[in-house]
Each structure stands twice: as C-alpha cells, then as structure tokens.
2 protein chains.
Amino acid sequence: MAEKQYDIGIIGAGAWGTTISTLLTIAGKNVLLWAFEKEVADEVNSDHRNSVYLKGVDLPQNLTCATDFARFNKINRLIITVPSAFFSYTIQSLAPYVQKTASIVSASKGFAGPDLTRPSEILEEKFPNHQVGVLSGPNLAREIVTGHPAISLVASKNENLVRDFQATLSSERFRVYGGSDVIGTELGGALKNIMAIAGGMSDGLGLGENALAALITRGLAEMIKLGVHLRASERTFYGVSGLGDLVCTSQSILSRNHEVGRRVATGEKLEDIIKSSSSVAEGIGTTEHVHEFALRHNIDLPITSAVYGVLFENINPSRALKELMTRSLKME
Amino acid sequence: MAEKQYDIGIIGAGAWGTTISTLLTIAGKNVLLWAFEKEVADEVNSDHRNSVYLKGVDLPQNLTCATDFARFNKINRLIITVPSAFFSYTIQSLAPYVQKTASIVSASKGFAGPDLTRPSEILEEKFPNHQVGVLSGPNLAREIVTGHPAISLVASKNENLVRDFQATLSSERFRVYGGSDVIGTELGGALKNIMAIAGGMSDGLGLGENALAALITRGLAEMIKLGVHLRASERTFYGVSGLGDLVCTSQSILSRNHEVGRRVATGEKLEDIIKSSSSVAEGIGTTEHVHEFALRHNIDLPITSAVYGVLFENINPSRALKELMTRSLKME
C-alpha cells in the first residue's frame, strides 16, 4: 500500500503539537503527528484522544499518529513542538529521515542548550541546506483546540518559507503573521515564561491587576534588554510573539508557567510541583539558564533574579515581589 | 482661625480623585479634595465615605473635602481628576484661585475638546506661566484604595515638577516613574479606553485569552499609529502609561470601559448602559472623537472603527470582532 502524501508533519504530541495537528486536519490538511510514547500514538489512532497531554478533547478521526521517524521522509513541511530539553536529541534522531527539500520550523518555547542556545540554532546547524524558521505567539493550546480564535507569527530569513507556512497554517480562526526576525520571535516565546511565573506569583499572592500590569510592563522591558544583547530586534518584542504571548501567558490559569508561580506563592515546594505535572513548565529551566547567563555577562534582570530566588533559593515570594515594586524611583 | 497649609489639592472627588487623596493622606500628606457635589463633600467630611463614587470604602478621618475653589488658593500642587468632558469648564472656574507658584497636573484620561484636544493643552493655554504635567498609569482606583501595590508615571517638560510630584506621590505601595513625553503619556491613558471596550466585547463574547492578547497587541500598534501622528514618542506607549494601563484596563472587570464592552456584547443598548451608571466611561466619547479624527485625516484604525460601529452604528459585535481577526495576512 502506498504511503499517503502528507502536507505537513508535526513532531511532538504534547498539548501544542496535538492542537496544531487538530487545527490543520480540520482545515482539510493531511497531517502526520509524531509521538514519543507508543501509548499516545495508539490512543490518537484508535480512540482519537490524547488523554496524557490534552485530556477531554475529541481529535479528528483522520489524524494519524506515528512513533517512527522513517514515516516522515517524504514530508515537505515539519514543525517541531517537543519540549526544549528534548529538542537536540529529537533532531538528532529525526535528521536521517528528513528529505532534502523539507522546510523545518521550531515551535518550542525554551532554550535548547547552555548559553541560551535557541532551538532554531540547532536546526540551522543540523540542516545547513534547508529552510528553517520558528512559530510563536499567544496560543494557549486548549483554547485553540476548542475552537476559539487566535493569531500567531512565523519568522524566517527565508520569505518563501514564511509565505508557505502562513498559507498552510492559516484558517478563519487562526491568523498567522509573517516576520524575518528569527532571534526576536524565538526569544519572545522563551523569555515570557519567566514573566508568566512572576505573574502567577503575583496572582497567587493576590496582589491584583495593577501589580500584574506593572509586572508585564517591566517584564517586557527586561525581555528586550536581554533580547537586544542577543541581537534580536527590539521591535519584534512589541508584536504577536513578544507582547502578545507575554500578555496571554502571564495571567492565564491555562498556562503551566503561571501555575508554577501560583503554586510556589501559596507555599508549595518546586520539586513537588514538578513531580505532580505530566508536562514540562519551560519557564523553570529558562529562569535557571537566563539567570546564569545574566550573572556571567553582568546584565541586571530584576524580575528574572526575583523568580530565580523564589524557585531555587527559598526566597519568600511576597518579599521578592515587594522588593521589585519598591526599587528606587527613576525616569522610565 | 488660620487655614491649614495643604501639601496638595485634588480637584475632583470621583473614584480616582478620592483614591489619590486617600493614598496621600495615609502617607502623611495634608490633602484638600474638591468635590462638585455638596453631598459628596459633606459625606467625606462627616462620615469619611464617598458612597456615590467609591462605595464601601472607609476614607481617612483627616481627609478634608471642599466645594469652594477659593480654599485652594494657597496650595502649591494641584492634580485635576475630573472627567475630560468637564475639564475645560472646571479649569475655567478654578483658574482665578490658583496661586502663581502652583504646579498643575492632569490625571484625566480622555480628550478635553474636539480635534483631540488633550487636557494638558487646556492647562498650558490657561496657565502659560505655570509648570504643568500629567499623571497616568495602570491604576484601578478600587485596588489602590484597598491597599494593593501599583506603579504610575508623571510626565512634564519641566524636570522639577516631575521630581517634586514623584517625591510627593510615592509611597511603599505606589511607585511613580518620571518622564518628559507629555503627549504620549496623556494619549496612552485616553486611547487605551477604546481598546478596553474592545477587550470587554471580546470577553462578553467569550472569545478567550488568545483573542484578548491579540486585541491588546494590535490595539497597542493602533494607539502608536495615531500617537505618532499626534507627535507622541513611540517609546512612551511601551511603558507604564501605555502598555501598562492598556493591559490593566483591557481585561479588568473593575474597568468601566471594559464593562461597557461586555454589556454591549451581551445585547444591552448603549443608552441603557449610560443611564445605569453614576460614572462616565471615558472610552465612549474617546471612540467617537478618535473615529471622527481618523476619518478626517484618513488614518486606518481598524479596532477603533470596529468599536465605533458596535457602539454607534448597531453593528453586531460578534461580526465586528470576527472581521478584525480575519483581515488579510501580512508581515507584522
């Protein structure tokens, strides 16, 4: 039997990978989804469910899930949605099966290695002759999979990739913008998770909406400070993948990172929070990496430093946030 | 009996004027508050309450409220908090009693006349020899008066005014930044109310957090587009008085403008909403003024136009927001 021709392959069957696959399948695309766990693939194929990562959602009957990378060897578009900690390893295993003409886009929102290595840097290194890009935006998976509208951003140095992915991913309820600043787009998605933990802490302490708005505003300024140091364009942070994602995640009870902040603020231990979750809150590792980088390069990132203190140094969250709010007066 | 020496006079005993007065009185300042209505002044002075504009809140016993502008004639700092529609009239009546050395700051978040006249322009015209400035930020009054932390921004061309008001207004739970872009600071506070109505509409329709984040992101871009046309600095919109206030108001059930959006989205008529409120939602008039200005100057402001259509032209809110989400794809 000839293998079906797929329009796109989605690598990673977490909440976001499963959601993109569902959105595209409903829009009429042929999608092949890759899962790390055989149980997940089996459940998607036979019960049209993914009860580990996207509980309670009915998936399309014609969405196919595989665990074998060889089945992706004729697909022209790939989106990588695995957690950043597994990004390098997954790419290593996938690489031999990627066909020469395939475009590859990372949708991971974290760093793929020490020294703030971005996922797309891994892609560029491993696939020097391919078109690569990133996908990032205010995209709470559970809202999108249940039919709510959203916008997102595809960025690449290659305009053809941008146009092709815009056309492939867009539908009436999912509007995809295009951009060329890969670094800024990717950093927005990663760094906002630190602010989401801070936002969760603020909400957990009941500090209110004025305080949260203050955190988001100063959080964006902090993201830009580091971003510009890493050669991102400041402008990108004011768009869909920066501000948009930041606003969305920093206050949503649907965000795993916000949840981590809420739970530490109410006295839970980080290790207990991690143990009790099936999914990774990217912001924990990101806070660690960014804090270390900032120390080494002498960059003052007060919110990151406060979140790091609460997560890893047992600082009282109420004291940490109060200190943030009362730093010396200055011109904006 | 000699009149007490007041540190600051607050003109306008609405929710925000009463809140600033309370905050400052608690911080040890001598504050004289001005109310338009004699009943309000009497209640503040004898019952330490303002049940019309800030129901259920206990005010400090040593906060004094007056209705006579003559009592403000020895005060060196004035903050004007009246609704923008009454700004000109109030300033006209107050002017003869303002002493020569007084600094005057507007905290009104709307336009004071046709052609997008800003309140501080009225101040500059009426008080050409005084220092004038503006105060604006993510400051939901009810949160601040009940003890939650917040930040705000004072802007003026005059650095002395900025430093003096920063020192006078700041306390442990209210941190005040300083800036010099009066136009941008003032426009942020006014224009964000249009987006707050849009945010309320989105929430009233149950569109979710991704959609709201999209609205906020595109809303900020729209505010900047008009702001730059009006000679504001783009950068100011990314700070406390732009993004901060926008984030805060666009999703808060404590915002009157958000409430207007929510209620029209669920089918209430604008005139009924206006009739049922004791306070003015500034965003209604601002939407009208900005929409007319944009038409006259040929500036494309899609969100403002959508809000205008829903408020004044009977456009279905669901259709208006759907059209916003599905505008043609483009580079960001």
Side-chain angles (χ1 to χ4, degrees), chain A residues 137-140 143-144 146 148-151 153 155 162-163 166-167 170 172-173 175-180 206-214 216-218 220-221 224 235-252 254-255 321-322 325-327 329-332, chain B residues 137-140 143-144 146 148-151 153 155 162-163 166-167 170 172-173 175-180 206-214 216-218 220-221 224 235-252 254-255 321-322 325-327 329-332:
Chain A
N139 299 145
L140 295 163
E143 280 198 353
I144 292 179
T146 51
H148 289 82
I151 65 179
L153 175 69
V162 172
R163 275 197 225 100
Q166 280 187 283
S170 291
E172 197 173 71
R173 62 191 222 211
R175 182 178 169 194
V176 182
Y177 287 83
S180 57
L207 297 190
E209 297 175 294
N210 292 334
L212 191 61
I216 289 174
T217 307
R218 302 309 297 164
L220 186 65
I224 289 169
R235 181 157 295 273
T236 306
F237 288 93
Y238 300 125
V240 172
S241 64
L243 169 60
D245 199 3
L246 172 67
V247 164
C248 192
T249 315
S250 298
Q251 46 204 344
S252 176
L254 295 176
S255 156
L321 283 194
K322 199 169 174 186
M325 291 297 289
T326 53
R327 283 163 65 96
L329 304 180
K330 59 172 181 180
M331 301 302 269
E332 203 177 12
Chain B
N139 299 144
L140 294 165
E143 280 198 354
I144 293 178
T146 52
H148 290 82
I151 66 179
L153 174 69
V162 172
R163 276 198 223 97
Q166 281 188 285
S170 291
E172 198 175 68
R173 62 189 222 212
R175 182 179 171 196
V176 181
Y177 287 83
S180 58
L207 297 189
E209 297 174 296
N210 292 333
L212 192 62
I216 290 173
T217 307
R218 302 309 298 167
L220 186 65
I224 289 169
R235 181 158 294 275
T236 307
F237 289 92
Y238 300 125
V240 172
S241 64
L243 169 60
D245 199 3
L246 172 67
V247 164
C248 192
T249 315
S250 298
Q251 46 204 342
S252 175
L254 295 176
S255 157
L321 283 194
K322 198 168 174 188
M325 292 296 290
T326 53
R327 282 163 65 96
L329 304 181
K330 59 172 181 180
M331 301 302 269
E332 204 178 12

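Labels below follow one simple rule: chain letters A, B, ... track the order of the sequence lines, proteins then strands, and each chain is numbered from 1. All heavy atoms count here, side chains included; hydrogens, waters and symmetry mates do not.
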Test side-chain contact (heavy atoms from CB on, under 4.5 Å) applied to Ser250(A) - qualifying residues, sequence neighbours left out: Met195(A), Ile216(A), Leu246(A)
So for [X], is it side chain, backbone, both, or neither that comes closer than 4.5 Å to the heavy atoms of chain B?
X         : value
Ala214(A) : both
Leu212(A) : neither
Ile144(A) : both

For each of [options], tally heavy-atom pairs with chain B at distances under 4.5 Å, and name the one with the top tally.
options                         : answer
Thr146(A), Ile224(A), Ile151(A) : Ile151(A)
Gly206(A), Ala221(A), Gly242(A) : Gly206(A)
Asp245(A), Leu321(A), Leu243(A) : Leu243(A)
Ala150(A), Ala155(A), Pro149(A) : Pro149(A)

Euclidean distance, Glu209(A) CD relative to Leu140(B) CG, rounded to 0.5 Å: 5.5 Å
Distance in Å, Glu172(B) CD paired with Lys322(A) NZ, rounded so as to fall on 0.5 Å steps: 4.0 Å
Side chain, backbone, both or neither of Arg235(B) within contact of chain A (heavy atoms, under 4.5 Å): side chain
Heavy-atom pairs under 4.5 Å with chain A, option from Arg163(B), Arg173(B), His148(B) with the top count: His148(B)
Main-chain N/O of Asn210(B) paired with Glu143(A) side-chain donor or acceptor, under 3.5 Å: yes
Closest non-hydrogen atom pair, Pro138(B) against Ala213(A): CB-CB, 3.8 Å
